[in-house]
Amino acid sequence: MELSIKPIGTIHSCYREKFGIPRQPGLVKSARGSIELLPPCDREEMFKELERFSHIWVQFLFHEAVPDGWRPTVRPPWLGGQKRVGLFASRTPHRPNFLGLSVVRYHGLRREKGSLYLDISEQDLLHGTPVFDLKPYVPYSDAVPDASSGFAHFSTRKVAVAFSREAEEKCRSYQEQTDRNLLALVTEILTQDPRPASQRASTREYGMLLWDVNIRWKANGEDFMVFAVEQQRE
Ligand code: SAH
């Protein structure tokens, strides 16, 4: 059967490029975003009683993975980037239909300038991601406490993150202007070491875009140092 489906919404996210996005939802609590609903799904009645749920499932398209295609096997980061597993034994964005699935925290509906938004947090989603479906997360069935997960467990390794005085001040003044807690967000992201497994020993400089701010950092021994926080001109 062939069926053509259209997005019901679009993700607005603090993550403006792929690098730096956590590997799963729930890992970075300070990540904030929303889902802008598109017609005909921009009607409040379609979300009646959803406020009873703390979390929702988001089904989406890994739209930025499409140009690179997919391969039958991949090297997941949880195996240190060394060993290959089948793509269906992984959560890689590079899949035959490029479909992703994430549980995110739900904060409620908001109508702004005529558009309807669902406010979310803890997402692992890129800004602009097309959304295909939403449904409540129901822990009595969806949470499987005795499930085993191969080697894909949460890394307990935590990197210490330091900021130069100037970088820290920029984060604070950005928060005053925008109410976005940049210091907490950057710290949570870097603590988990977003570098690819092959670059674990790298001391080069990295940049990542969060909202309209470029964050520049590098490894300093075992720790990371954020040395510049540069607001982009829009
Ligand atoms: N929880 C989802 C996603 C896991 S992969 C699932 O299991 O299906 C997570 C990675 O997807 C992130 O690190 C980010 O780099 C990437 N990603 C997020 N949104 C994307 C998009 N729209 N296009 C391509 N890659 C994306």
Side-chain angles (χ1 to χ4, degrees), residues 7-37 47 50-65 74 76-79 87-95 97-110 117-145 147-159 180-182 184-197 208-211 215:
I8 62 154
T10 310
I11 296 287
H12 291 246
S13 172
C14 52
Y15 300 119
R16 300 303 165 109
E17 60 184 22
K18 283 181 283 183
F19 181 65
I21 304 182
R23 296 188 172 105
Q24 287 301 337
L27 302 179
V28 171
K29 307 288 177 202
S30 308
R32 296 278 178 277
S34 62
I35 303 169
E36 180 179 356
L37 282 318
F47 303 93
L50 186 63
E51 66 277 8
R52 289 167 175 250
F53 298 88
S54 63
H55 290 77
I56 52 179
W57 285 110
V58 181
Q59 284 176 276
F60 61 93
L61 181 74
F62 287 112
H63 70 305
E64 282 211 0
V74 297
W78 44 271
L79 285 170
L87 84 91
F88 291 118
S90 87
R91 304 287 288 248
T92 178
H94 301 274
R95 342 180 50 85
N97 288 321
F98 303 96
L99 289 179
L101 186 61
S102 293
V103 178
V104 300
R105 191 175 285 275
Y106 174 53
H107 298 277
L109 273 183
R110 173 168 53 90
Y117 297 88
L118 294 173
D119 285 321
I120 59 168
S121 65
E122 303 182 24
Q123 77 276 3
D124 57 348
L125 307 167
L126 186 63
H127 187 71
T129 296
V131 173
F132 285 92
D133 204 1
L134 298 168
K135 54 188 76 177
Y137 174 82
V138 289
Y140 81 90
S141 167
D142 293 349
V144 187
S148 56
S149 61
F151 299 97
H153 46 241
F154 179 54
S155 160
T156 48
R157 177 171 157 257
K158 292 227 187 303
V159 181
R180 294 165 172 167
N181 191 343
L182 199 53
L185 180 62
V186 172
T187 305
E188 276 191 87
I189 293 169
L190 295 189
T191 281
Q192 301 179 25
D193 195 348
R195 294 174 301 177
M208 62 180 181
L209 199 56
L210 298 172
W211 290 298
I215 311 292

Who are the ring-ring contact (aromatic ring centres under 6.0 Å, His included) partners of His127, not counting sequence neighbours? His12
Work out which heavy atom in Pro22 is nearest to a heavy atom in Tyr15; give both atom names and the distance. CD-OH, 3.3 Å
So, do Thr191 and Val159 sit near enough that their side-chain heavy atoms are less than 4.5 Å apart? no
d(Leu125 CG, Phe62 CZ) to nearest 0.5 Å is 8.0 Å
Could you measure the distance from the NZ atom of Lys18 to the CG atom of Asp124? Nearest 0.5 Å is fine. 14.0 Å
Side-chain donor/acceptor of Arg91 to backbone N/O of Phe88, under 3.5 Å: no
Would you mind listing every salt bridge (charged side-chain N to carboxylate O under 4.0 Å, His left out) that reaches into residues 186-197, with sequence neighbours excluded? Arg157-Asp193, Asp193-Arg195, Asp193-Arg200
Would you check if there is a donor-acceptor pair between the side chains of Trp57 and Asp133 at a distance under 3.5 Å? no
So does Leu209 get a backbone contact from the side chain of Glu17, meaning a donor-acceptor N/O pair under 3.5 Å? yes
Of all heavy-atom pairs between Leu190 and Met208, which one has the smallest distance, and what is that distance? CD2-CE, 3.7 Å
Do Asp119 and Tyr106 make a side-chain contact, defined as non-hydrogen atoms from C-beta onward lying under 4.5 Å apart? no
Working to the nearest 0.5 angstrom, can you tell me the gap between Leu99 CG and Phe60 CZ? 9.0 Å
So, do Leu27 and Gln192 sit near enough that their side-chain heavy atoms are less than 4.5 Å apart? yes
Roughly how far, to the nearest 0.5 Å, is the CZ atom of Arg180 from the SG atom of Cys14? 9.0 Å
On a heavy-atom basis, the closest approach of Thr129 and Leu61 is CG2-O, 3.4 Å
Within the 4.5 Å heavy-atom criterion, are Val58 and Ile120 side-chain neighbours or not? no
What are the two closest heavy atoms between Leu134 and Ile56, and how far apart are they? CD2-CD1, 4.3 Å
Grab the two heavy atoms, one from Pro136 and one from Leu50, that are nearest each other, plus how far apart they are. CB-CD1, 4.1 Å
So, Ser13 side chain and Leu126 main chain: donor-acceptor pair closer than 3.5 Å or not? no
Do Ser121 and Arg105 come within less than 4.5 Å of each other through their side chains, counting heavy atoms only? yes
Value for CZ (Phe98) from OG1 (Thr92), rounded to nearest 0.5 Å, stands at 9.0 Å
Any donor-acceptor pair under 3.5 Å linking the side-chain atoms of Ser102 with those of Gln123? no
Determine the minimum heavy-atom distance between Phe132 and Pro7, stating which atoms define it. CE2-N, 3.4 Å
Side chains of Leu118 and Phe47, heavy atoms from C-beta outward: is any pair under 4.5 Å? yes
Is there a side-chain contact between Val131 and Thr10 in this structure, where contact means two heavy atoms from C-beta onward sitting under 4.5 Å apart? no
